[in-house]
Novice: 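Pasting a structure below so you can have a look.
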Amino acid sequence: MHVISLPSYQIVVGSSRESMMKFIDSGDYTRKGLLIDENTEHHCLPMLSSVIRDPVIIRIKSGELNKQIDTCRNIWSRMVERGFDRHSLLINLGGGVIGDMGGFCASTYMRGIHFVQVPTTLLSQVDASIGGKLGIDFNGLKNLIGLFRDPKAIFVDPVFLATLPIRELRSGFAEIIKHALIADAEFFDWLEQHIDELLAQQPEALSHAITRCCEIKSDIVARDER
């Protein structure tokens, strides 16, 4: 397990379920919401059944088409119905759409409640979940409405990647290569030498690549979050 410390939160990479449980229990939250779509409910939620005790499940439909204000309205309504207050927590379990929209809804509900990101796609693990950029699409324009706000923690567990189709993995690998090309020539050389291990989803290689990308992205946003 690797821990990357930023000024206001930590990124935990690896088998992070125990760390997640400690974080949630130590927060003394009045309500714990878990934002999921049909994919993460089927593939990922069972892995967290022993981690998050009695969460309020908030279901939305997957896909970029649903990253809009009407879906946010449903999320906020569910939170109001279940008595979420300023000492509540929203846990976003999913890819970039879940992370963007869940973070946006949490950050605007009662002027902002705590939220954590649990990215489940490779693309969101190495890039989208890091940096505090939150938003929704509006009038056909991507991420037109949003804000910058950091989560209280990010838990990156490669175990979720076993649930992904190869197309999703390829988009994540492309982002990993982009990180290396932009910021770390040695890392790019390492990728060339370990490409077969990465494609075979060997845990050590995946964990190293994800951790390095998280470090690169964290360094960039720490210097300029916008």
Side-chain angles (χ1 to χ4, degrees), residues 1-2 9-25 27 29 31-67 71-72 74-75 78-79 82 88-106 114-130 134 151-173 175-176 198 200-203 205-207 209-211 213-214:
M1 188 173 71
H2 303 271
Y9 65 97
Q10 289 186 329
I11 304 171
V12 181
V13 183
S15 184
S16 55
R17 279 168 283 185
E18 185 176 339
S19 298
M20 195 189 312
M21 185 185 297
K22 288 180 179 177
F23 170 85
I24 294 170
D25 290 345
Y29 292 107
R31 292 286 188 278
K32 298 179 290 289
L34 186 60
L35 184 64
I36 55 174
D37 60 27
E38 69 274 11
N39 297 316
T40 52
E41 181 171 18
H42 178 70
H43 295 291
C44 305
L45 183 57
M47 301 182 195
L48 298 181
S49 58
S50 62
V51 176
I52 309 167
R53 300 182 183 90
D54 301 319
V56 175
I57 301 296
I58 304 175
R59 296 176 176 87
I60 64 171
K61 293 181 180 179
S62 63
E64 186 76 26
L65 283 175
N66 295 295
K67 199 171 83 170
T71 307
C72 294
N74 292 334
I75 295 170
R78 177 75 169 149
M79 293 163 76
R82 294 304 299 269
S88 300
L89 172 73
L90 186 62
I91 302 158
N92 301 317
L93 178 67
V97 170
I98 288 273
D100 266 6
M101 189 158 47
F104 174 76
C105 287
H114 288 181
F115 68 96
V116 299
Q117 306 286 36
V118 186
T120 58
T121 65
L122 185 55
L123 183 59
S124 62
Q125 289 188 354
V126 301
D127 183 69
S129 65
I130 304 163
L134 309 168
K152 298 307 291 183
I154 303 174
F155 298 99
V156 180
D157 196 332
V159 71
F160 293 121
L161 302 182
T163 69
L164 297 178
I166 188 62
R167 180 182 176 87
E168 286 289 336
L169 285 171
R170 283 175 177 164
S171 66
F173 284 131
E175 192 66 32
I176 288 172
L198 288 167
Q201 297 187 56
Q202 292 189 8
L206 266 179
S207 181
I210 292 169
T211 300
C213 286
C214 288

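Just so you know, these numbers use all the heavy atoms, side chains as well, and skip hydrogens, waters and symmetry mates.
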Novice: Heavy atoms only: give me the nearest Pro55-Leu34 pair and the separation to one decimal.
Specialist: CB-CB, 4.1 Å
Novice: Drop me the distance from Lys152's NZ to Ile91's CD1, to the nearest 0.5 angstrom.
Specialist: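 If I round to the nearest 0.5 Å, the distance is 14.5 Å.
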Novice: Any donor-acceptor pair under 3.5 Å linking the side chain of Arg78 with the backbone of Ile57?
Specialist: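 Side chain of Arg78 to backbone of Ile57: a pair is present.
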Novice: Quick one: CD1 on Ile130 to CD1 on Ile154, what's the gap to the nearest 0.5 Å?
Specialist: 5.5 Å
Novice: Tell me, do Ile60 and Met101 make a side-chain contact under 4.5 Å, heavy atoms counted?
Specialist: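 A side-chain contact exists here, since the closest heavy-atom pair is under 4.5 Å.
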Novice: Give, for atom CD of Gln117 and atom CG of Leu90, the distance between the pair rounded to the nearest 0.5 Å.
Specialist: 8.5 Å
Novice: For Arg82 and Val56, indicate whether the former's side chain and the latter's backbone hold a donor-acceptor pair under 3.5 Å.
Specialist: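 No, the answer is negative, given that no donor and acceptor are paired below the 3.5 Å cut-off.
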Novice: Heavy-atom distance under 4.5 Å between the side chains of Gln10 and Phe23, does that happen here?
Specialist: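 Of all side-chain heavy-atom pairs linking Phe23 with Gln10, none is under 4.5 Å.
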Novice: So which of Thr40, Thr121, Thr120, Leu122 actually passes side-chain contact (heavy atoms from CB on, under 4.5 Å) with Phe160?
Specialist: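 That would be Thr120; it is the only one of Thr40, Thr121, Thr120, Leu122 passing the side-chain contact (heavy atoms from CB on, under 4.5 Å) with Phe160.
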Novice: Identify the heavy atoms of Phe115 and Ala106 that sit nearest to each other, and give their distance.
Specialist: CB-CB, 3.7 Å
Novice: Hey, could you give me the CZ/CE distance between Phe155 and Met1, rounded to the nearest 0.5 Å?
Specialist: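 Taking CZ in Phe155 and CE in Met1, the distance rounds to 9.5 Å.
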Novice: Specify the closest pair of heavy atoms between Leu35 and Gly102, including all atoms of both residues, with the distance to one decimal.
Specialist: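 Reported closest heavy-atom pair: CD2-CA, 3.5 Å.
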Novice: Quick check: are there more than 12 heavy atoms from other residues, nucleotides or ligands sitting under 6.0 Å from CD of Glu18?
Specialist: no
Novice: Taking side chain as C-beta onward, heavy atoms only, is Glu168 less than 4.5 Å from Leu123?
Specialist: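 They are not in side-chain contact.
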Novice: Tell me, do Leu198 and Leu206 make a side-chain contact under 4.5 Å, heavy atoms counted?
Specialist: yes
Novice: For Ser124 and Gly96, work out which heavy atoms get closest and say how close.
Specialist: CB-N, 3.9 Å
Novice: Are a donor atom and an acceptor atom from the side chains of Ser16 and Ser19 found within less than 3.5 Å of each other?
Specialist: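 No.
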Novice: Measure the acute angle between the ring planes of His114 and Tyr29, then classify it against the limits of 30° and 60° as parallel, tilted or perpendicular.
Specialist: perpendicular
Novice: Got a second to check how far Arg59's CZ is from Ile36's CD1, nearest 0.5 Å?
Specialist: 5.0 Å
Novice: Identify the two heavy atoms, one from Arg17 and one from Met47, that lie closest to each other, and give their separation to 0.1 Å.
Specialist: CD-O, 3.5 Å
Novice: Around atom CD1 of Ile166, are there more than 12 heavy atoms from other residues, nucleotides or ligands closer than 6.0 Å?
Specialist: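 Above 12, so yes.
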Novice: Counting heavy atoms not belonging to Lys32, are there more than 12 under 6.0 Å from its NZ?
Specialist: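 Yes, NZ of Lys32 has more than 12 neighbouring heavy atoms, counting only those of other groups under 6.0 Å.
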Novice: Calculate, to the nearest 0.5 Å, the distance between atoms CD1 and CD1 belonging to Ile58 and Ile75 respectively.
Specialist: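 One gets 6.5 Å once the value is rounded to the nearest 0.5 Å.
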Novice: For the pair Arg31 and Met79, evaluate side-chain contact (heavy atoms from CB on, under 4.5 Å) and give the outcome as yes or no after the intermediate values.
Specialist: CA-CA 9 Å; Arg31 292 286 188 278; Met79 293 163 76; over 6 Å; no
Novice: Find out whether His2 and Ile210 are in side-chain contact, i.e. whether some heavy atom of one side chain is under 4.5 Å from a heavy atom of the other.
Specialist: no
Novice: I'd like to know if the side chain of Asn66 and the backbone of Ser62 have a donor-acceptor N/O pair within less than 3.5 Å.
Specialist: yes
Novice: Around His42, counting heavy atoms of other residues, nucleotides and ligands shown, do more than 12 lie under 6.0 Å from its NE2?
Specialist: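 Atom NE2 in His42 is not packed in, count stays at 12 or less.
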Novice: How far apart are the closest heavy atoms of Cys72 and Phe104, and which atoms are they?
Specialist: SG-CD2, 3.9 Å
Novice: Less than 4.5 Å apart, any side-chain heavy atom of Asp37 and any of Val97?
Specialist: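 The answer is no, as the side chains (C-beta and beyond) never meet within the 4.5 Å cut-off.
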Novice: Between Gln125 and Leu161, is there a side-chain heavy-atom distance shorter than 4.5 Å?
Specialist: yes
Novice: Side-chain contact, heavy-atom cut-off 4.5 Å: Asp157 with Met20?
Specialist: no
Novice: How about Asn74 and Thr71: does a side-chain donor come under 3.5 Å of a side-chain acceptor?
Specialist: no
